[in-house]
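Report on the structure given below.
Labels below follow one simple rule: chain letters A, B, ... track the order of the sequence lines, proteins then strands, and each chain is numbered from 1.
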2 protein chains.
Amino acid sequence: MHSEVVASRSADQRDSRESRNGNPHLDAVSLAIIEQLQQDGRRPYAAIGKAVGLSEAAVRQRVQKLLDQGVMQIVAVTDPLTVGFRRQAMVGVNAEGDVEAIADALSDMSEVEYVVMTAGSFDILAEIVCEDDDHLLDVINKRIRALPGVRSTESFVYLKLKKQTYMWGTR
Amino acid sequence: MHSEVVASRSADQRDSRESRNGNPHLDAVSLAIIEQLQQDGRRPYAAIGKAVGLSEAAVRQRVQKLLDQGVMQIVAVTDPLTVGFRRQAMVGVNAEGDVEAIADALSDMSEVEYVVMTAGSFDILAEIVCEDDDHLLDVINKRIRALPGVRSTESFVYLKLKKQTYMWGTR
DNA sequence: AACACGGCTGCGAAATCCGTAGGTCTCGGT
DNA sequence: ACCGAGACCTACGGATTTCGCAGCCGTGTT
């Protein structure tokens, strides 16, 4: 049937401290719960409990804790194209000075979906979601390049999205 | 209070065909429903109904349809770091020949979270999620560079994730 | 030993979900 | 003009789920 996760109780309870990097530690059962919710964010607690070998209430408490801790969130994700956003691009940014401040400024823009500081020939990568070419042009040229400290940018306009998963932790 | 979406009934019902690009058309009410679920994927239908001005059953039917059509999915998303993936990178790929086939090959790799074909100095951008440096190195050098048609790659190792939203359609 | 703490179970009440029947409006065919 | 099909909504009762809480059990501390 569905692979039960049998976890010795005592082992579970020992594992509920923080690991050294300050992140909450996740045991096998919590990972299994996350996997269930990655398949269907609305799956009932009782069904999850049956799959991972826990009571409904226990699953509910764990899920609530994972949400509170910010380990996961349960959200609707959409295909941008069907929601009316026809132009997307990844923008590589070269910056000088306070790079993190620039990353914060990018994060404040609503058209910017994703910001990450990187090592390599770009200091920052930012994903932009726009309604049309004019909108995209405006964001890149007028707003991003105008930020103080931005030395140069390079844009990669999306032609075709091939894969997009939310399956972290499910391998 | 919370901004009600008042939609003239007749206008709604007219709007439920396919738009010319084959994508299901979304009216204001469906967008409002999506917004609600982007804030909390488990929000009860009745609460959503109150917010968007529809009955519980109507919301339920719309949500089901949006899921069936693939317009959205309700899933748990996690912070990769807390789930044990410590190294991430964006890889830009230059390719020759059948670029789409290469993108497909990348998509088949479980470590590859995100693949997009682009215009610009890279043909493909791929996001890699790995457990450690060895794993990352292995994926990039042994598996990606080994693909026939891959001319060159450039990697951007993630230093700090600054923003990651799932708020498409919410502006 | 006693106690605090974290985590699990069990249970009853409240809230939610689900299927379905029935109404309205629009469009298309006869 | 009329009728039927289809899309979408509301209403409603029964099944299911969620929720809060009391109680229990290991573990670690004093």
Specify the separation, in whole Å, of atom CD of B/Q61 and atom P of D/dG6.
17 Å
Partners of A/A76 by side chain to side chain contact (heavy atoms under 4.5 Å, CB included), sequence neighbours excluded?
B/L37, B/Q38, B/M72, B/I74
Short heteroatom pairs, N/O only, protein and nucleotides 16-19 of chain D, under 3.5 Å:
residue, atom, partner, partner atom, Å
D/dT18, OP1, B/R42, NH2, 3.0
D/dT18, OP2, A/Y45, N, 2.9

Does anything in residues 97-109 of chain B pair up under salt bridge (charged side-chain N to carboxylate O under 4.0 Å, His left out), and if so which pairs, sequence neighbours excluded?
A/K160-B/E100, A/K162-B/E100, A/K162-B/D104
In whole angstrom, give the distance that lies between atom CD1 of B/I48 and atom C1' of C/dC17.
12 Å
Between C1' on C/dT16 and NZ on B/K50, what's the gap in Å once rounded to a whole number?
13 Å
Five-pair end axes of the helix from C/dA1-D/dT30 to C/dT30-D/dA1, angle between them (10°):
20°
From CD of B/Q36 across to P of C/dT16 the rounded distance in Å is 14 Å
Integer-rounded Å distance: D/dA7 C1' and B/Q64 CD:
16 Å
Using a strict cut-off of less than 4.0 Å between a Lys/Arg side-chain nitrogen and an Asp/Glu carboxylate oxygen, indicate whether B/E56 and B/K50 qualify as a salt bridge.
no
Suppose we screen for side-chain hydrogen bond (donor to acceptor under 3.5 Å, both in side chains). Which residues come up paired with A/S121, at least two apart in sequence or across chains?
B/E154
Is any side-chain nitrogen or oxygen of B/K65 closer than 4.0 Å to OP1 or OP2 of D/dC8?
yes
So, using side chain to side chain contact (heavy atoms under 4.5 Å, CB included) as the criterion, who are the partners of B/T118 when residues are at least two apart?
A/F156, A/Y158, B/V116, B/F122, B/L125
With sequence neighbours left out, the residues meeting side-chain hydrogen bond (donor to acceptor under 3.5 Å, both in side chains) with A/R145 are A/N141, A/T153
Using whole Å, report how far CG of A/L54 lies from C1' of C/dT9.
10 Å
According to the ring pair (Phe, Tyr, Trp, His ring centres under 6.0 Å) rule, which pairs have a member within residues 49-76 of chain A, sequence neighbours left out?
none
With A/D133, which residues qualify under side-chain hydrogen bond (donor to acceptor under 3.5 Å, both in side chains), at least two apart?
A/R87
